[in-house]
Every structure is written in C-alpha cells, then in structure tokens.
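Single-structure report; data block below.
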Amino acid sequence: MNVLSLFDGMSCGQIALNKAGIKYDAYFASEVDKYAIKVAQANYPNTIQIGDVTKVDHTRLPFGGIDLLMGGSPCQGFSFAGKQLNFDDPRSKLFFEFIRLRDELKPKYVLLENVRMKKESENVITKYMGFSPQAMNSADVSAQNRHRLYWFGYLNESLEYEQIPIPPIE
C-alpha cells in the first residue's frame, strides 16, 4: 500500500497506521514546516518528503498510484476559536489541494480530518468529498479532548467516494 499524507506535520499518520497495525510500502509526506519534517524524518527515516502541497505533481508519484490519501487541512479559518474566516482564510483554501490530488490520483481510500466548524463550511467540504463526516472526540483515542470531523471513504465501483463508517470506540 502506498500512502500520501498531506499537511503531514510530524507524521502522525504513520503513528496511527503503525498503532493500527496497518502495513504500507511507501509513505509520501507533503509538509512545509522544517521542524515538523525534522521530527518526522528522525522517527520515520523512510518517509519520502515531497514538499509544498500546492506544488505536488501527481505524475511524479509512484506507478501503481496511491492507495490511501489522508490529511488534516489547516483549520485556523474554520475553528470557532479563531476569526472564523472559513474559506476566506488562505490556509483553509488548502483543502482544495486535497481535492485536486484526490481527483488526480483516485486513491482507493481517503481520510480527511478537521475541526468542528460552521455548518456552511462543513457542507462545502461534504459536497466536495461526496459524503458526510463522522464526529469523534479525540479523547476516545488520545489524551486530548478535542472534537473533530472525519471524512473517511473509499472509491466505489461507480468511481465515486462513499463513506466508510467508523466503528464506535469501546
């Protein structure tokens, strides 16, 4: 399985995949923060850093494609704790890079995470993703008490993305 993680940070995607016991062959990471990249490379030296998401060329990714596209696009514009600029915040517009690469790569699976937000912004993201998010409190799986939205889906036979239900955490 080949993975492309956008907005990879310190590679929490690899932490999650490893904790879940999910094996992958190649892990490509799009990140611009030099400190986050340094941490990711220290912990996961086989990570293939591909730089700024706005400059990712899908034709330069591996033959056979990407099986899982995941990421948590910047949330500052959506967060109730911020100015709530929504898509008027240039960082929030980076969500559309996730969509661009999803449409170019057609991965088997997609996972997008973001904060709870105004219904209008959630509806825009849902429209582009093709299915509704599932709400989850990070406290169910980590030490942080943060409510998040997850769009987790797969590419069906009609070449449309469809939701994969996240089972309840016990």
Side-chain angles (χ1 to χ4, degrees), residues 1-33 36-75 78 91-115 122 124-136 138 140-142 148-170:
M1 176 168 76
N2 292 325
V3 177
L4 173 55
S5 175
L6 306 180
F7 326 106
D8 190 59
M10 59 176 244
S11 221
C12 289
Q14 288 188 85
I15 294 169
L17 291 170
N18 290 334
K19 282 188 177 248
I22 298 172
K23 305 282 185 214
Y24 50 93
D25 299 307
Y27 187 96
F28 298 86
S30 174
E31 179 55 61
V32 295
D33 183 276
I37 292 169
K38 190 173 183 175
V39 170
Q41 291 306 123
N43 292 321
Y44 300 101
N46 293 329
T47 302
I48 304 162
Q49 296 289 340
I50 60 174
D52 183 343
V53 68
T54 65
K55 296 177 173 76
V56 173
D57 177 358
H58 76 282
T59 64
R60 301 200 59 162
L61 291 167
F63 181 75
I66 296 297
D67 300 294
L68 170 61
L69 174 65
M70 65 178 166
S73 59
C75 65
F78 301 126
R91 297 167 293 187
S92 297
K93 289 179 184 176
L94 290 172
F95 158 74
F96 294 107
E97 292 297 325
F98 184 97
I99 296 300
R100 173 183 69 86
L101 288 164
R102 182 205 61 189
D103 292 349
E104 291 172 355
L105 295 165
K106 302 231 182 309
K108 294 175 190 168
Y109 303 97
V110 292
L111 173 60
L112 178 72
E113 173 272 336
N114 218 305
V115 295
E122 180 184 322
V124 169
I125 293 173
T126 295
K127 176 184 161 216
Y128 279 93
M129 291 299 290
F131 55 90
S132 296
Q134 299 167 80
M136 188 171 143
S138 297
D140 292 339
V141 293
S142 75
R148 295 290 185 256
L149 298 175
Y150 293 88
W151 287 262
F152 183 40
Y154 71 98
L155 189 61
N156 65 25
E157 293 171 0
S158 302
L159 299 180
E160 295 176 350
Y161 285 93
E162 194 172 314
Q163 182 187 75
I164 297 173
I166 299 172
I169 306 293
E170 295 179 18

From Phe98, Tyr109, Phe28, residue fulfilling side chain to side chain contact (heavy atoms under 4.5 Å, CB included) relative to Leu69: Phe98
N/O donor-acceptor pair under 3.5 Å between Asn114 side chain and Leu149 backbone: no
I'd like to know if the side chain of Ser30 and the backbone of Gly51 have a donor-acceptor N/O pair within less than 3.5 Å. yes
Any sub-3.5 Å donor-acceptor pair from Gln134's side-chain atoms to Ile164's backbone N or O? yes
Compute the ring centroids of Phe96 and Tyr128, then answer whether they are less than 6.0 Å apart. yes
Single hit among Val53, Val56, Leu6 for side chain to side chain contact (heavy atoms under 4.5 Å, CB included) with Glu97: Val53
Can you tell which of Asp8, Asn46, Thr47 makes a side-chain hydrogen bond (donor to acceptor under 3.5 Å, both in side chains) with Tyr27? Asp8
When you measure from the side chain of Lys55 to the backbone of Asp52, do you find a donor-acceptor pair of N or O atoms at a distance under 3.5 Å? no
Do you know which two heavy atoms are closest between Pro133 and Glu122, and how far apart they sit? CG-OE2, 3.5 Å
Evaluate Ile99 against Met129 for side chain to side chain contact (heavy atoms under 4.5 Å, CB included), listing each step before the verdict. CA-CA 8 Å; Ile99 296 300; Met129 291 299 290; 3.7 Å; yes
For Gln14 and Tyr24, what are the C-alpha separation, side-chain angles and deciding distance, and is it a side chain to side chain donor-acceptor pair (under 3.5 Å)? CA-CA 9 Å; Gln14 288 188 85; Tyr24 50 93; 2.8 Å; yes
May I ask you to say whether Arg60 pairs ionically with Asp57, meaning some side-chain N is under 4.0 Å from a carboxylate O? no
Determine, stepwise, if the pair Leu68 / Leu4 fulfils side chain to side chain contact (heavy atoms under 4.5 Å, CB included). CA-CA 6 Å; Leu68 170 61; Leu4 173 55; over 6 Å; no
With a 6.0 Å cut-off (strictly less than), is the heavy-atom count around CZ of Phe131, excluding the residue itself, greater than 12? yes
Indicate yes or no for a side-chain donor-acceptor contact from Glu31 to the backbone of Asp33 under 3.5 Å, with no hydrogens or angles considered. yes
Distance only, no hydrogens: is a donor on one side chain within 3.5 Å (strictly under) of an acceptor on the other, for Gln49 and Gln41? yes
